[in-house]
Amino acid sequence: MDTLHIEGDNAPTAFQAAAVSTGTLPDAERVRSFLNEAHVRYAGDLSGEVADYIPALAGVDPELFGLSLAGVNGAVTSSGDARVEFSIQSISKAFVFALIDQLVGHDTIRRSVGVNNTGLPFNSIMAIELNDGSPMNAMVNAGAITATSFAPGNNVESRWEFVLDGLSRFAGRDLVIDDEVYRSESANNGRNRAIAGLLNSYGAFSADPEETVDVYTRQCSVRVTAEDLAVMGATLADGGVNPVTGDQVVNASVCRDTLAALAAAGLYERSGDWLYEIGMPGKSGVSGGLVTISPGKGALGSYAPRLDPAGNSVRGQRAAHFLSGALGLNLFSSLPHPADRSTL
Ligand SMILES: NC(=O)CC[C@H](N)C(=O)O
């Protein structure tokens with residue numbers, strides 16, 4: 001990652017002069033104008049590659065770019081292709097984690113899934129072996145598949161219903177599966193089946209590994225928009241209450257657990273860089289979606305399909321970086337700060 005220092009970084013800036021209160025989002029006009037500015041800034045960025053290991057993802061228009069910010073007050077502001085649907089992929093991990101944490105509780109999650117970082121790619125098999133069979137964190141495939149194995153039900157359909165219903169409550173609308181992505185991914189998920197088989201050999205699973213991977217593959221194939229991601233993230237920012245529907249989806253303690261797990265591993269082996277630059281929990285997916293959560297304030301959802309080598313949306317990360325500074329979202333900062341201090 002290159003770091004670009006801007007002169008006068010320590011001097012009081014226009015941002016600081018017009019400092020927003022640190023406990024709330026800036027007013028709607030300011031949010032809209034910075035969201036539009038982020039869109040203009042990064043719409044021409046052609047870096048990265050669209051994921052091609054799932055054939056159905058490879059054919060997507062790489063220029064799609066949507067940004068949306070949902071506040072805990074329920075206001076949703078968007079720019080660009082924020083209503084274009086795409087498969088949620090790994091971002092589902094964050095919300096399924098929350099649903100399972102709500103069910104099994106903080107201690108079981110720590111013991112049976114884990115909350116540390118592997119330092120390795122999202123679908124690493126080596127990480128399981130290096131950690132004596134621990135799935136390590138629900139934001140990588142091993143931990144996500146383990147979390148999904150806790151979904152209640154007697155068969156695939158009833159367990160799937162639990163997951164889809166929960167994801168829909170986070171979004172505040174009935175989400176549906178993308179059949180083409182599901183079929184394409186099912187035909188190419190040998191690695192995830194190997195991960196589940198390996199975890200099962202360590203005795204980590206109470207459910208059938210093949211069925212669990214099927215539910216996991218379905219959850220990754222659910223269609224969402226950048227606006228949905230913003231609302232889903234804002235629900236985690238709002239103590240588990242969907243700020244648009246008013247539905248209490250999970251408890252506030254579950255939101256804390258989820259955001260901690262995201263901070264540790266939401267952007268895989270790049271999670272440290274992400275926290276260092278953006279300063280908020282986030283979760284990416286290989287289709288190009290990204291959700292970034294500012295507890296007590298709201299969440300940013302984005303969609304831009306070109307990815308960095310770790311599988312994280314390039315424009316999405318850059319927009320989140322800019323907006324974190326401009327809107328004063330960084331958890332480690334007490335004031336809004338210049339947003340373009342470095343490049344990701
Ligand atoms: N990083 C991702 O978004 C990966 C999700 C994808 N469904 C997989 O498990 O391979």
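First listed ligand is number 1; within each ligand, the first listed atom is number 1.
Contacts classified as salt bridge (Lys or Arg N to Asp or Glu O under 4.0 Å) and involving residues 176-191 (residues at least two apart or in different chains) are given here: D178-R223.
Ion pairing between E49 and R306 fails under the 4.0 Å rule for side-chain N and carboxylate O.
With sequence neighbours excluded, the residues satisfying side chain to side chain donor-acceptor pair (under 3.5 Å) with N312 are S284.
The side-chain tip of R315 points at the ring of F65 from less than 6.0 angstrom away and within 45° of straight on.
In the hydrophobic clustering, where aliphatic and aromatic side chains (Ile, Leu, Val, Met, Phe, Trp, Tyr) are joined below 4.5 Å either directly or transitively, M126 groups with L120, L130.
For the pair P295/L331, a side-chain contact is recorded, criterion being any heavy-atom separation below 4.5 Å from C-beta on.
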Tabulate distances under 3.5 Å between N/O atoms of ligand 1 and N/O atoms of the protein, writing both atom names on each line.
{"residue": "ligand 1", "atom": "1 (N)", "partner": "S90", "partner atom": "OG", "Å": "2.9"}
{"residue": "ligand 1", "atom": "1 (N)", "partner": "Y268", "partner atom": "OH", "Å": "2.9"}
{"residue": "ligand 1", "atom": "3 (O)", "partner": "S90", "partner atom": "N", "Å": "3.1"}
{"residue": "ligand 1", "atom": "3 (O)", "partner": "S90", "partner atom": "OG", "Å": "2.7"}
{"residue": "ligand 1", "atom": "3 (O)", "partner": "V286", "partner atom": "N", "Å": "2.8"}
{"residue": "ligand 1", "atom": "7 (N)", "partner": "Q89", "partner atom": "OE1", "Å": "2.7"}
{"residue": "ligand 1", "atom": "7 (N)", "partner": "E185", "partner atom": "OE2", "Å": "2.2"}
{"residue": "ligand 1", "atom": "9 (O)", "partner": "N141", "partner atom": "ND2", "Å": "3.0"}
{"residue": "ligand 1", "atom": "9 (O)", "partner": "N192", "partner atom": "ND2", "Å": "3.0"}
{"residue": "ligand 1", "atom": "9 (O)", "partner": "Y216", "partner atom": "OH", "Å": "2.7"}
{"residue": "ligand 1", "atom": "10 (O)", "partner": "Y53", "partner atom": "OH", "Å": "2.7"}

